[in-house]
Asker: 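Encoded as structure tokens, here's the structure I'll be asking about.
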Amino acid sequence: MIGVVYLGSNPKTEERLRYIPGRLVQYTRNYKDAASACSTHVRNEHFIVFYEQSEQSADINAITYLKKKNKHIYIILLTKDFTPEDRSVYQKSGINDTLDCNASITELNKKIQFISDRENMLFDDQQAKYRMLRFKIPAWKRIFDVFFALIMLILTSPIFILTAIAIRLESKGPIIFKSKRVGANYTIFNFLKFRSMYQDAEERLKDVAKEAGNQYAEMNKQPEQQPKNMASLGADMMISDDTDMMISDDEVMLVGDDFVISETDYSKEKKEEIANAFVKIENDPRVTKVGKFIRKFSIDELPQLFNILKGDMSVVGNRPLPLYEAEKLTIDTSIDRFMAPAGLTGLWQVEERGKGGMMSAEERKQLDIKYGQTYNFWLDMKILFRTFFAFVQKENV
């Protein structure tokens with residue numbers, strides 16, 4: 001149960017908070033009244049406090065008092081001018097988040113909803129500085145993972161040996177390929193696979209992506225307009241002191257060290273980056289002959305059984321992502337993807353193969369989020385059952 005309290009005297013903020021749907025906001029003018037408003041009357045009652053920034057020393061005293069008197073509160077500082085030094089001071093005093101003091105009704109409501117959806121994670125008995133969104137694997141899932149991994153390692157041991165010999169005979173390099181991946185809670189670990197590419201594969205990724213084409217980027221292209229990258233936008237929009245720029249009154253311009261770009265174009269660029277976070281290359285020339293075979297039958301994934309035994313992954317979950325993909329999925333709409341276990345197989349894998357391998361990055365992301373919000377034992381068994389009947393890929397990716 002989440003309550004909302006406003007501490008401040010800005011009539012514009014008060015007016016916007018009055019229009020938050022389904023929320024009764026308590027308005028206070030001093031920190032003692034706010035602390036009283038945040039007193040819990042029923043079990044598991046928590047509060048979001050929107051704190052209007054004023055004079056720093058007074059703010060620090062007020063925030064410290066609120067945190068001392070009320071354990072189950074989440075303080076959002078409404079601010080306008082905020083230096084890195086200010087941020088450090090306010091964080092140490094106990095604020096949990098910040099919002100622009102002119103945030104719209106929609107932005108305020110989204111922030112309240114985001115916190116409400118994660119109430120059980122954010123409000124616990126830990127100290128405030130240790131509160132963070134964290135996934136903890138259920139006991140039933142961990143027991144199944146260990147049992148399944150041990151049985152599969154015994155049954156597939158002959159395949160392990162034959163694959164290792166084939167890889168060593170075809171090309172130089174290690175038999176097992178290690179790469180840094182991001183799993184549950186944005187935890188980075190060493191992801192294990194049988195090496196299916198030539199040794200310098202990662203260094204050649206950018207060149208190959210340009211030549212062979214990123215499938216996900218191609219699927220997200222708009223034929224009528226090709227967005228420019230930030231560098232070219234910056235070059236095209238650089239202006240000198242004696243150049244006039246015609247812009248509309250309601251257009252916001254973002255100014256960098258070497259470019260000027262409209263906020264609208266910048267938003268489009270960031271949206272495209274997120275939409276194309278996943279990299280997928282068709283007929284990848286970096287793959288060896290043995291690699292193509294073991295990929296086709298998913299043999300290259302077998303070493304991940306050791307990741308499962310170690311606890312880095314689960315049998316069923318969301319696919320752990322390379323760092324360059326995960327860093328593009330850190331916004332509020334993607335975070336639930338990482339509030340679930342990393343998996344050997346998962347919901348989007350069986351769905352994608354059912355579609356002949358054609359699935360957009362956005363579809364993948366939404367299926368990952370869906371799994372993170374709804375996973376249970378029977379869903380895991382259903383995905384695992386479908387995996388056994390869909391492990392032969394229909395395309396060379």
Side-chain angles (χ1 to χ4, degrees), residues 110 113-114 117 135 181-186 191 193 205 208-209 212-227 267-284 295-296 298 300-301 304 313-376 378-397:
K110 281 184 177 179
Q113 192 60 48
F114 179 80
D117 291 344
F135 164 79
R181 295 292 178 98
V182 180
N185 303 314
Y186 289 95
F191 179 78
K193 295 183 75 171
L205 175 61
V208 172
N214 179 353
Q215 283 189 11
Y216 291 129
E218 292 294 326
M219 293 171 70
N220 285 313
K221 276 184 181 178
Q222 300 295 328
E224 67 275 7
Q225 181 179 359
Q226 293 297 325
S267 298
K268 288 180 180 178
E269 184 71 20
K270 297 303 292 183
K271 184 177 180 180
E272 184 188 1
E273 284 184 8
I274 294 169
N276 297 332
F278 303 102
V279 174
K280 181 179 182 182
I281 299 170
E282 186 175 12
N283 297 318
D284 194 336
R295 280 186 168 201
K296 182 177 178 65
S298 300
D300 61 324
E301 311 285 355
Q304 289 155 45
M313 295 172 56
S314 182
V315 176
V316 181
N318 291 334
R319 199 65 175 153
L321 298 180
L323 304 185
Y324 58 83
E325 293 183 6
E327 70 178 355
K328 298 176 183 178
L329 297 176
T330 57
I331 58 177
D332 289 357
T333 55
S334 303
I335 195 171
D336 281 340
R337 187 206 181 280
F338 298 93
M339 297 298 108
L344 180 65
T345 186
L347 187 58
W348 75 256
Q349 283 95 330
V350 295
E351 293 288 344
E352 182 177 52
R353 290 176 182 178
K355 290 186 175 184
M358 296 305 295
M359 182 176 289
S360 70
E362 180 62 25
E363 287 177 304
R364 275 184 57 180
K365 184 176 72 174
Q366 291 305 320
L367 284 173
D368 285 343
I369 291 171
K370 178 181 177 182
Y371 177 80
Q373 295 173 339
T374 62
Y375 77 90
N376 55 63
W378 295 113
L379 178 60
D380 279 13
M381 294 304 101
K382 180 180 178 181
I383 292 172
L384 196 56
F385 180 80
R386 290 180 63 185
T387 300
F388 282 125
F389 288 92
F391 71 94
V392 179
Q393 297 188 12
K394 296 181 180 180
E395 58 175 337
N396 186 20
V397 295

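All values below come from the heavy atoms of this structure, side chains included, with hydrogens, waters and symmetry mates left out.
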Asker: Spell out, as yes or no, whether a donor-acceptor pair under 3.5 Å connects the side chain of Gln366 to the backbone of Glu363.
Answerer: no

Asker: Once rounded to the nearest 0.5 Å, what's the spacing between atom CG of Asn318 and atom CE of Met313?
Answerer: 10.5 Å

Asker: Grab the two heavy atoms, one from Gly183 and one from Ala342, that are nearest each other, plus how far apart they are.
Answerer: CA-CB, 3.9 Å

Asker: Mind checking the CH2-CD1 spacing from Trp348 to Ile369? Nearest 0.5 Å is all I need.
Answerer: 14.5 Å

Asker: What closest approach, in Å, do Val316 and Pro341 show between heavy atoms, and which atom pair accounts for it?
Answerer: O-CG, 3.9 Å

Asker: Can you list the residues that meet the side chain to side chain donor-acceptor pair (under 3.5 Å) rule with Lys193, with sequence neighbours excluded?
Answerer: Asp300

Asker: Taking atom OH of Tyr186 and atom CZ of Arg337, what is their separation to the nearest 0.5 Å?
Answerer: 8.5 Å

Asker: About how many Å separate CG of Leu321 and NZ of Lys365, when rounded to the nearest 0.5 Å?
Answerer: 11.5 Å

Asker: Determine whether a donor-acceptor pair (N or O, by modelled atom type, separation under 3.5 Å) exists between the side chain of Arg319 and the backbone of Leu344.
Answerer: yes

Asker: Can you name the nearest heavy-atom pair linking Ile383 to Val350, along with the distance?
Answerer: O-CG1, 3.8 Å

Asker: Looking at CG of Asp368 and CZ of Arg364, how far apart are the two atoms once the value is rounded to the nearest 0.5 Å?
Answerer: 7.0 Å

Asker: Can you tell me how far the CG atom of Leu347 sits from the OH atom of Tyr375, to the nearest 0.5 Å?
Answerer: 14.5 Å

Asker: State whether the side chain of Arg181 and the backbone N or O of Pro320 hold a donor-acceptor pair below 3.5 Å, judged by distance alone.
Answerer: yes

Asker: Does any part of the side chain of Asp380, heavy atoms only, come nearer than 4.5 Å to the side chain of Val315, both counted from C-beta?
Answerer: no

